[in-house]
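Here's the structure we're looking at; comments come further down.
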Amino acid sequence: MAESLTDTAPIAADVPRYDVRAAEPRWQRAWAERGCFRVEDVPADGRPKYYVLEMFPYPSGKIHMGHVRNYTLGDVVARYKRARGFSVMHPMGWDAFGLPAENAARERGIHPAKWTWENIATMRAELQRMGLSLDWQREFATCDPAYYGHQQKLFLDFLRAGLVERKESWVNWDPVDGTVLANEQVIDGRGWRSGALVEKKQLSQWFLKITDYAEELLAALDTLDRWPERVRLMQAKWIGRSEGARLAFALAQPENGIAEVEVYTTRPDTLFGMSFLALAPEHPLSAAAAARDPKAGEFIAECRRLGTSEAVIETAEKQGYDTGLRVRHPFLKDTAGQAVSFPVWIANFVLMEYGTGAIFGCPAHDQRDLDFARKYRLGVVPVVLPPGENPATFSIGSEAYVGPGTIFNSGFMDGLDVEAAKRAVIAELERLGVGHGEVNWRLRDWGVSRQRYWGCPIPVIHCDACGVVPVPDEQLPVKLPDDVTFDRPGNPLDHHPTWKHVACPRCDKPARRETDTFDTFVDSSWYFARFCSPLADEPVARDAVDHWMPVDQYIGGIEHAILHLLYSRFFTRAMKRTGHLDVDEPFAGLFTQGMVTHESYRTAPGPNAMWLYPDEVVKQPDGTATHRTTGEPVVVGRVEAMSKSKRNTVDPKAIIARYGADTARWFILSDNPPERDMEWTEAGVAGAFRFTQRVFRLVEGLGEPAPAPAPGLDPGVDPGVGRAKPADFSETARVLRRVTHRTIASVTEALESFAFNVAVARLYEFANAIAEADPVGPLRGPTKSGGGGADDAGGLAWARREAVEILARLISPMMPHLAEEVHARLHPGGERLVAELPWPAADPDLLVAETLTIAVQVMGKLRGTISVPPGVTAGTAIQIARTEPNVARALEGKRIVKEIYVPNRIVNFVVAG
RNA sequence: GCCCGCCUGGCGGAACGGUAGACGCAGCGGACUUAAAAUCCGCAGCCAGUUGGCGUGGGGGUUCGAGUCCCCCGGCGGGCACCA
């Protein structure tokens with residue numbers, strides 16, 4: 001069926017057909033030649049700035065539908081804002097470092113650089129074919145030393161500012177990729193790319209101190225009022241602020257020199273309910289215990305082995321080992337006045353990374369502690385009495401009590417409520433010098449070291465004499481060597497014969513270059529700032545970032561809600577501290593788009609069942625499907641995110657080649673709201689294509705081109721299309737003009753609120769209305785009427801030209817090529833492109849209908865409608881409403897208790913009897 | 001387990017508390033055509049079947065009036081998940 005839309009389909013000679021393939025590249029050239037989308041680093045034209053940015057792509061090979069959706073959304077905003085008089089910066093670049101390039105090198109022997117740059121060339125051409133209003137002069141790739149050299153400079157500035165730390169730390173080790181992963185890259189205990197079970201390993205790593213900004217990053221979320229609420233919630237949760245206390249427990253007997261254990265708790269008010277202390281397996285005291293007790297060592301080893309993988313299995317059985325050590329309670333005394341002591345356990349559920357790596361267990365008021373206590377038969381002492389409970393009889397069963405109440409069994413805290421008790425116990429701990437109130441964060445410092453070749457080298461040198469020495473600024477960039485091999489696992493930079501052997505910049509003795517490279521999230525944490533001055537010989541030019549930053553509208557997938565956005569927020573603050581820019585937040589507005597989905601198809605079930613690409617499948621009218629070549633039945637599967645493994649992908653390049661960029665853009669915008677997942681369907685694309693042809697026929701239907709414009713009129717701006725406006729309009733013409741101007745208003749409103757699907761719907765209605773206002777008919781077909789020669793009685797021809805002109809301008813953010821084509825046909829010899837024209841303004845006089853249709857209800861039920869002139873009085877409207885036959889019938893025999901009139905909207909009669 | 005979001009025809013979805021289902025897709029009937037495609041005209045929530053009744057996951061409430069606001073319940077989707 002879709003075959004009919006290819007160039008093999010015969011087109012009737014009298015049907016004008018818009019030749020997409022010729023027209024679109026022509027307009028793309030016109031925009032490029034006239035530099036429509038170029039802006040200066042520091043513009044002097046005084047227009048307000050607007051920075052639109054979509055998350056830049058990883059050059060994986062070719063663009064996919066997710067890119068098409070993302071960049072179409074951004075382009076609609078860019079083109080619309082440009083028309084609204086903003087100086088719009090809309091750049092594009094490449095997030096070009098990363099593992100797939102190395103995988104290609106290992107699997108196919110292609111050098112990562114060659115693979116990456118070839119992909120960039122391919123994808124650039126595909127993006128250009130989409131007709132995006134990008135300033136290509138700003139393009140860069142992060143794998144270019146001209147970019148990453150500045151990144152190295154930023155790192156050294158951060159280092160000097162105390163924002164970088166090198167520390168020995170437990171890291172997540174991906175045994176398949178042979179690299180360290182950030183916590184965020186571990187999903188359910190597995191590497192986010194390889195899917196391999198992650199192991200714990202201790203390494204010396206570079207960290208960026210994002211935790212220095214935890215408080216700020218959390219607090220500033222409240223200022224991001226143009227961010228989706230859920231993204232802010234996700235970030236707040238990720239940063240994870242908690243208030244509590246840190247306190248030290250003295251060991252009854254010191255163990256291997258360790259005399260006390262610090263714990264962190266958010267419930268210091270339950271301190272008297274303690275029955276044990278639990279250590280993380282990686283805790284130093286655990287190690288000390290293991291040194292004496294081999295069984296403790298075995299338990300720790302078991303935890304390390306199962307640790308993360310066990311968490312996956314949800315059963316998450318709490319396990320512990322009693323070290324035999326005991327700690328003294330700071331307050332509880334026995335009858336002899338001696339401090340009461342509690343056992344010290346090693347427990348698999350205590351995390352070394354959070355708090356102090358040790359907790360005190362209060363089973364009565366913490367479910368996890370309760371489970372542990374029940375399993376190992378430890379004490380359960382309630383200390384918070386729920387309202388209405390009797391202290392003599394209240395006890396804990398299998399559920400911990402975590403609600404509010406009155407403290408009891410707790411010495412000096414007895415009788416206080418939970419919050420007051422927290423304050424009291426913290427004061428007491430501070431008085432005794434054994435603890436203090438403390439805010440804790442879930443956020444961890446950002447480990448940026450990766451044992452990888454295809455990334456930005458970390459610019460430091462390790463010298464046996466001088467220690468870690470930063471590469472001097474004048475030696476930047478530290479370039480990746482090209483001559484590397486991938487014939488063995490691990491980091492090729494490590495195996496390189498010469499690259500890492502350098503003289504120490506400080507003492508000149510032989511030293512080693514750092515062979516780790518940066519996490520690629522570093523590359524994407526400041527690219528938006530680099531776009532402001534992509535050629536600057538420093539990371540950013542201050543005057544350029546001062547002008548353009550922050551990004552006014554950032555658009556991308558929800559999958560970056562936490563990491564990329566949080567890192568970018570941190571980088572912006574770090575760059576501010578090091579004097580590179582002067583904003584706190586990089587993205588003033590954020591929009592997160594939904595995924596593009598498609599039906600999936602597979603061959604008949606069985607051992608050889610395989611996924612099929614959509615273009616291998618023919619859908620039958622009855623909803624079933626068969627294989628295009630074999631005719632075998634095909635199982636139509638779920639609609640799900642496009643993925644290579646399910647083969648439910650549609651190649652944008654093929655779609656654009658067949659239907660044109662405008663059709664792809666229009667369809668991807670039309671189907672549903674952009675924040676939701678959308679389903680790509682062949683029928684939907686075909687429908688969008690039909691619309692492009694219909695718009696084209698509308699302009700053809702106007703007949704002769706307009707005569708030469710009247711002097712003094714700018715042919716591009718004048719919506720009257722270069723003709724004198726008639727003195728009088730017929731009713732049809734008046735109605736059309738009102739539709740035209742109401743459409744300007746409604747499309748504008750829809751675009752402002754990202755309701756692009758609604759904007760599209762309004763434009764369909766508008767096109768229908770223009771076709772229906774045809775003085776001759778047939779209404780929606782190719783017509784020869786309405787040319788508007790000398791006798792344009794009733795001004796209908798003028799009104800139709802105005803309507804088509806406005807239609808072209810209103811579709812231009814979504815279908816820019818078709819807009820230019822239509823506009824050019826209305827203005828032969830015209831001087832300006834639609835891309836250079838201001839957004840049309842609605843005539844306020846035409847926004848109100850000549851007559852209003854008002855609903856009439858009786859007791860809130862619709863009984864009829866009436867026509868009234870605008871501004872009718874309540875009395876008149878009600879009078880007319882009463883006489884409407886159907887309303888009158890409903891009112892018969894009833895007593896009207898109340899008459900409600902909402903101007904221009906509704907009449908409602910409240911009746912009795 | 002906690003947090004968030006969503007639930008409207010066959011489908012995607014519209015709808016300042018005011019005519020629910022705009023617009024599109026799919027469908028049906030008709031015109032044009034030797035025929036098909038394309039195009040055009042018309043129909044289309046459900047049940048009764050010309051003036052009616054019922055309808056926005058279910059139940060309650062506020063209101064002259066509820067898809068929209070409030071409460072309870074159900075379902076679906078997403079995020080986080082031993083965070084002390």
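Throughout, protein chains are lettered first and strands after them, A, B, ... in sequence-line order, and every chain is numbered starting at 1. Both backbone and side-chain heavy atoms feed into the values below; hydrogens, waters and symmetry mates do not.
- The distance from atom CZ of A/Arg690 to atom C1' of B/C23 is 14 Å, rounded to the nearest whole Å.
- Taking 4.5 Å as the limit, some side-chain heavy atom of A/Arg444 sits within range of a side-chain heavy atom of A/Tyr354.
- At a threshold of 4.0 angstrom between heavy atoms, the contacts of A/Arg762 include nucleobase atoms, whether or not backbone atoms are also involved.
- For B/G53, one of the phosphate oxygens OP1 or OP2 lies less than 4.0 angstrom from a side-chain nitrogen or oxygen of A/Arg863.
- Between A/Arg676 and B/G12 there is no side-chain N or O to OP1 or OP2 distance below 4.0 Å.
- Distance check on atom C1': B/U39 versus B/G55 gives 37 Å, rounded to whole Å.
- Using a 4.0 Å cut-off, some side-chain N or O of A/Lys861 falls inside it from OP1 or OP2 of B/C54.
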Going through the distances and angles, do A/Phe756 and A/Phe754 end up as a ring-ring contact (aromatic ring centres under 6.0 Å, His included)? CA-CA 5 Å; A/Phe756 301 136; A/Phe754 268 77; 5.2 Å; yes
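- Regarding A/Asn904, its CG atom lies at a distance of 13 Å from the C1' atom of B/C16, rounded to whole Å.
- Applying the side chain to side chain contact (heavy atoms under 4.5 Å, CB included) test to A/Pro903 and every residue at least two apart in sequence or in another chain returns A/Tyr901.
- Nearest nucleotide to the A/Met234 side chain, out of B/C23, B/U19, B/G79: B/G79.
- Residue A/Leu563 contributes atom CG, which lies 13 Å from atom C1' of B/G79 at whole-angstrom precision.
- A distance of about 9 Å separates the C1' atoms of B/C23 and B/G13, rounded to the whole Å.
- Remark: side-chain polar atoms of A/Arg246 are not paired, donor with acceptor, to backbone N or O of A/His436 under 3.5 angstrom.
- Minimum atom distance to the side chain of A/Arg889 is reached by B/U51, of the listed B/G18, B/A26, B/U51.
- In this structure, A/Leu698 atom CG and B/U39 atom C1' are separated by 13 Å, rounded to whole Å.
- The nucleotide B/C76 finds its pairing partner in B/G5, both defining distances of the Watson-Crick or G-U wobble pair being shorter than 3.5 Å.
- Under the Watson-Crick or G-U wobble criterion, with both distances below 3.5 Å, B/G10 is paired with B/C25.
- Here A/Pro673 lies in heavy-atom contact (under 4.0 Å) with sugar-phosphate atoms only.
- A donor-acceptor contact closer than 3.5 angstrom is absent between the side chains of A/Arg676 and A/Asn757.
- Residue A/Arg444 has no polar side-chain atom (N or O) positioned under 4.0 Å from OP1 or OP2 of B/C83.
- Taking the P atom of each, B/G65 and B/G18 are spaced 14 Å apart, rounded to whole Å.
- Residue A/Lys898 has its side chain nearest to B/C64 when only B/C64, B/G79, B/C83 are considered.
- Across B/U19, B/C3, B/C64, the shortest atom-to-atom separation from the side chain of A/Val910 is found for B/C64.
- Going from the C1' atom of B/A66 to that of B/U19 covers 15 Å, rounded to whole Å.
- For A/Trp666 and A/Phe691, the ring centers are positioned less than 6.0 Å apart.
- The 5' end of RNA chain B is approached more closely, in terms of each residue's nearest nucleotide, by A/Asp677 than by the other of A/Val760 and A/Asp677.
- Taking every heavy atom of residues 358-368 of chain A and every atom of RNA chain B, pairs under 4.0 Å involve A/Ile359, A/Arg368, by number.
- Under the 4.5 Å side-chain criterion, counting only non-hydrogen atoms from C-beta, A/Leu279 is not in contact with A/Val350.
- Rounded to a whole angstrom, the distance from the C1' atom of B/U56 to that of B/G21 is 9 Å.
- As rounded to whole Å, 17 Å separates atom C1' of B/C40 from atom CZ of A/Phe691.
- At least one donor-acceptor pair closer than 3.5 Å links the side chain of A/Asp445 to the backbone N or O of A/Ile210.
- Note on A/Arg232: every side-chain N or O is 4.0 Å or more away from OP1 and OP2 of B/C4.
- Here A/Val350 lies in heavy-atom contact (under 4.0 Å) with a base.
- The residue A/Glu765 sits close only to the backbone: its heavy atoms come under 4.0 Å of sugar-phosphate atoms, none of a base.
- A salt bridge does not link A/Lys422 to A/Glu243: none of the charged nitrogens lies less than 4.0 Å from a carboxylate oxygen.
- Here B/C2 is the nucleotide among B/A84, B/A81, B/C2 with the atom lying nearest to any side-chain atom of A/Lys237.
- A/Ser670 comes within 4.0 angstrom of no nucleic acid atom, judged by non-hydrogen atoms across all strands.
- Atom CZ of A/Arg230 is surrounded by 12 or fewer heavy atoms from other residues, nucleotides or ligands within 6.0 Å.
- Here B/A84 presents its P atom at 12 Å from CD of A/Glu243, a figure rounded to the nearest Å.
- Residue-level contact check: A/Tyr764 touches the backbone only, with heavy atoms under 4.0 Å from sugar-phosphate atoms and none from bases.
- Look at B/C69: its Watson-Crick or wobble partner, with both distances under 3.5 angstrom, is B/G61.
- Considering only side-chain atoms of A/Ala761, the nucleotide from B/A84, B/A22, B/U19 that sits closest is B/A22.
- When side chains are defined from C-beta on, A/Glu679 does not count as touching A/Met595, because their heavy atoms never get closer than 4.5 Å.
- Among B/G12, B/C64, B/A81, the nucleotide with an atom closest to any side-chain atom of A/Ile900 is B/C64.
- Ranked by how close their nearest RNA chain B nucleotide is to the 5' end, A/Asn886 and A/Ala755 are led by A/Ala755.
- Residue contacts for A/Arg241: at a heavy-atom cut-off of 4.0 Å it reaches no nucleic acid atom on any strand shown.
- A glycosidic torsion no more than 90° from 0 defines the syn conformation; B/G58 lies beyond that range and is anti.
- Here A/Asn672 reaches the OP1 or OP2 of B/G13: one of its side-chain N or O atoms lies under 4.0 Å away.
- If you check every strand for non-hydrogen atoms under 4.0 Å, A/Gly240 touches nothing.
- Between A/Tyr354 and B/A84 there is a side-chain N or O to OP1 or OP2 distance below 4.0 Å.
- Across all strands, A/Thr853 comes closer than 4.0 Å to base atoms (heavy-atom distances).
- Across the protein-nucleic acid pair, A/Ile668 atom CD1 and B/C25 atom P stand 17 Å apart, rounded to whole Å.
- Nucleotide B/C40 forms a pair with B/G30, judged by Watson-Crick or G-U wobble geometry with both contacts under 3.5 Å.
- Note on A/Leu233: only backbone sugar-phosphate atoms sit closer than 4.0 angstrom, heavy atoms only; bases stay farther off.
- B/C54: Watson-Crick or G-U partner is B/G45, with both key distances under 3.5 Å.
- Going from atom CG of A/Leu862 over to atom P of B/G55 covers 15 Å, rounded to whole Å.
- Looking at A/Phe372 and A/Gln367, their side chains never come closer than 4.5 Å, going by heavy atoms from C-beta outward.
- Nucleic acid contact for A/Val902: base, since at least one base atom lies under 4.0 Å from a heavy atom of the residue.
- Across B/A84, B/C80, B/G18, the shortest atom-to-atom separation from the side chain of A/Ile906 is found for B/G18.
- Between A/Asn768 and B/G24 there is a side-chain N or O to OP1 or OP2 distance below 4.0 Å.
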